[in-house]
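A short write-up of the structure that comes next.
Quantities reported herein were computed from a predicted structural model and do not represent experimental measurements.
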Amino acid sequence: MARRLWMIGTNSGNNGCPTLYEDLDTGDILVQGDEVTDPEDIAQLKNVKAGEGVVTVPRELLVNFGPKGMEHVPVLIGFDEFDGMFETFEHAAWRLETRRAYQSDVETDTYQRFARGEDAGYDLNDPWCVSRRRQTALGKRFERVRIVDDPATTGQLYLLDGARRNAAVGEDIRNLRRTDAERLGLPAEDFWIFDSRVVALLHFDDADRMTGVELITDPVKVVRYCQVRDAAWHHAIPHEQFSARVASGG
């Protein structure tokens with residue numbers, strides 16, 4: 001079925017280009033402009049998929065006729081697409097973990113062994129570890145700050161123990177007491193930041209099970225999360241030192 005399009009505006013007089021249109025059913029914006037065909041220009045573009053094209057339009061067109069405001073509609077992605085982001089990012093992936101437990105951990109054999117007081121028996125050749133080693137070998141960075149209560153929950157102690165697995169595949173893990181996180185005004189949210197460009201906000205239910213992933217690309221919001229990252233990373237303690245303090249009761 002053809003779209004129902006409404007011409008929002010144009011700066012071009014009567015020659016028809018460039019122009020903005022709105023899809024009256026979805027609210028999507030269609031942009032008409034001069035197609036970019038220079039191979040050197042195209043080579044600088046990122047993530048252009050087959051069937052996609054790029055056009056140029058004057059900045060004035062967007063200022064005059066681009067949407068000035070809209071109701072926020074969360075952009076949710078599937079877990080497969082989320083997993084793929086750990087292969088396609090270019091430089092750095094950074095995580096804040098704030099929950100007291102994760103159901104995905106509780107359901108693992110390693111967690112059950114740890115809870116019984118046994119060695120967790122991490123498999124450093126499982127697909128997750130292989131992927132992390134492959135990406136870090138390319139020079140990419142994986143970093144996390146984990147918030148820990150006092151006293152630490154079983155789930156948090158499991159993650160403290162598991163940090164040796166993360167470190168073995170190239171991740172840099174630090175920890176921060178919840179009282180310090182609250183003093184710093186860090187949000188009680190779990191999220192990943194990829195290349196300081198996009199945030200993947202993780203949603204959980206009351207049973208600590210991850211229910212969805214929301215993408216945030218608004219530059220203003222992304223900067224906010226980057227500021228959270230900088231504060232958390234500055235004050236957090238490397239996991240070896242932190243684990244030693246917890247073990248000694250300090």
Side-chain angles (χ1 to χ4, degrees), residues 1-6 8-9 18-33 36 42 44-57 59 61-63 65-99 102-104 128 131 135 140-145 147 185-232:
M1 180 180 297
R3 296 173 182 261
R4 297 190 306 128
L5 301 180
W6 173 65
I8 299 174
T19 307
L20 294 186
Y21 301 86
E22 180 181 1
D23 184 322
L24 296 178
D25 297 310
T26 68
D28 290 343
I29 303 299
L30 281 69
V31 181
Q32 175 186 346
V36 177
I42 294 174
Q44 300 178 63
L45 304 176
K46 298 180 183 297
N47 303 320
V48 179
K49 298 180 292 186
E52 291 183 335
V54 179
V55 299
T56 59
V57 297
R59 179 182 295 269
L61 175 69
L62 301 179
V63 171
F65 300 108
K68 301 302 189 291
M70 60 180 293
E71 180 181 353
H72 173 65
V73 179
V75 177
L76 302 178
I77 62 172
F79 292 131
D80 287 343
E81 183 176 351
F82 175 55
D83 289 342
M85 295 177 71
F86 293 94
E87 302 282 339
T88 57
F89 78 98
E90 295 184 357
H91 309 295
W94 190 93
R95 168 80 184 269
L96 180 66
E97 298 181 8
T98 67
R99 302 186 69 82
Y102 296 89
Q103 187 61 31
S104 59
W128 184 90
S131 175
Q135 296 303 313
K140 300 180 184 182
R141 301 196 320 273
F142 291 91
E143 299 168 340
R144 302 178 194 241
V145 169
I147 306 302
L186 303 186
E189 296 177 328
D190 275 48
F191 58 88
W192 280 95
I193 303 175
F194 295 95
D195 296 330
S196 298
R197 182 186 63 82
V198 60
V199 173
L201 179 63
L202 310 183
H203 295 278
F204 295 83
D205 61 18
D206 292 338
D208 300 313
R209 188 181 301 277
M210 190 164 70
T211 58
V213 180
E214 177 183 349
L215 284 189
I216 298 174
T217 56
D218 181 331
V220 174
K221 294 181 180 179
V222 171
V223 166
R224 169 184 171 269
Y225 283 101
C226 289
Q227 291 171 337
V228 169
R229 174 198 61 196
D230 292 347

Fill in: Contact check, side chains of Glu214 and Pro74, non-hydrogen atoms, under 4.5 Å
yes
Item to complete: Please examine the side chains of Tyr21 and Ile8, heavy atoms only from C-beta on, and report whether any two atoms are closer than 4.5 Å.
Response: no
Worksheet item: Are Asp190 and Thr98 close enough that a side-chain donor and a side-chain acceptor fall under 3.5 Å?
Response: yes
Worksheet item: If you round to the nearest 0.5 Å, how far is CD1 of Ile77 from CG of Leu215?
Response: 4.0 Å
Discussion item. Could you measure the distance from the CD1 atom of Ile193 to the CG atom of Leu96? Nearest 0.5 Å is fine.
Written reply: 8.5 Å
Worksheet item: Out of curiosity, Asp80 CG to Met85 CE, how far, rounded to the nearest 0.5 Å?
Response: 13.5 Å
Worksheet item: Are the charged groups of Arg99 and Asp208 less than 4.0 angstrom apart, N to O?
Response: yes
Worksheet, complete the sentence: Correct closest heavy-atom pair for Leu186 and Ala231 would be CD2-CB, 4.3 Å
Side-chain atoms of residues 219-228: list all donor-acceptor pairs with protein atoms under 3.5 Å, sequence neighbours left out, distances to 0.1 Å.
| from | atom 1 | to | atom 2 | distance (Å) |
| --- | --- | --- | --- | --- |
| Tyr225 | OH | Glu189 | OE1 | 3.0 |

Discussion item. Which label fits Phe194 and Phe89: parallel for a plane angle under 30°, tilted from 30 to 60°, or perpendicular past 60°?
Written reply: tilted
Discussion item. Apply side-chain contact (heavy atoms from CB on, under 4.5 Å) to residues Thr88 and Asn47 and explain how you reach the verdict.
Written reply: CA-CA 10 Å; Thr88 57; Asn47 303 320; 6.0 Å; no
Discussion item. Any non-hydrogen side-chain atom of Leu5 less than 4.5 Å from a side-chain atom of Leu24?
Written reply: no
Discussion item. What verdict does the side-chain contact (heavy atoms from CB on, under 4.5 Å) test give for Thr26 and Arg4, after you've listed the backbone C-alpha separation in whole Å, the side-chain angles of each residue and the deciding distance to 0.1 Å?
Written reply: CA-CA 9 Å; Thr26 68; Arg4 297 190 306 128; over 6 Å; no
Discussion item. Centroid separation under 6.0 Å, is that true for the rings of Phe142 and Trp94?
Written reply: no
Discussion item. Distance check, rounded to the nearest 0.5 Å: Leu20 atom CG versus Phe65 atom CZ?
Written reply: 8.0 Å
Worksheet item: Any side-chain donor-acceptor pair under 3.5 Å between Arg229 and Ser196?
Response: yes
Discussion item. Does any part of the side chain of Asp28, heavy atoms only, come nearer than 4.5 Å to the side chain of Arg3, both counted from C-beta?
Written reply: yes
Item to complete: Could you check Thr211 against Phe204 for side-chain contact (heavy atoms from CB on, under 4.5 Å), going step by step and ending with a plain yes or no?
Response: CA-CA 5 Å; Thr211 58; Phe204 295 83; 5.6 Å; no
Worksheet item: Can we say Glu90 and Lys140 salt-bridge, meaning some charged N sits less than 4.0 Å from an Asp/Glu carboxylate O?
Response: no
Fill in: Separation of Trp192 CH2 from Phe86 CZ (nearest 0.5 Å)
4.5 Å
Item to complete: Supply the atom-to-atom distance Ser104 OG to Met210 CE, rounded to the nearest 0.5 angstrom.
Response: 7.0 Å
Worksheet item: Would a 4.5 Å heavy-atom cut-off, applied to side chains only, mark Phe191 and Ile216 as touching?
Response: no
Worksheet, complete the sentence: What one should report as the nearest heavy-atom pair of Val48 and Leu45 is CG2-CB, 3.7 Å
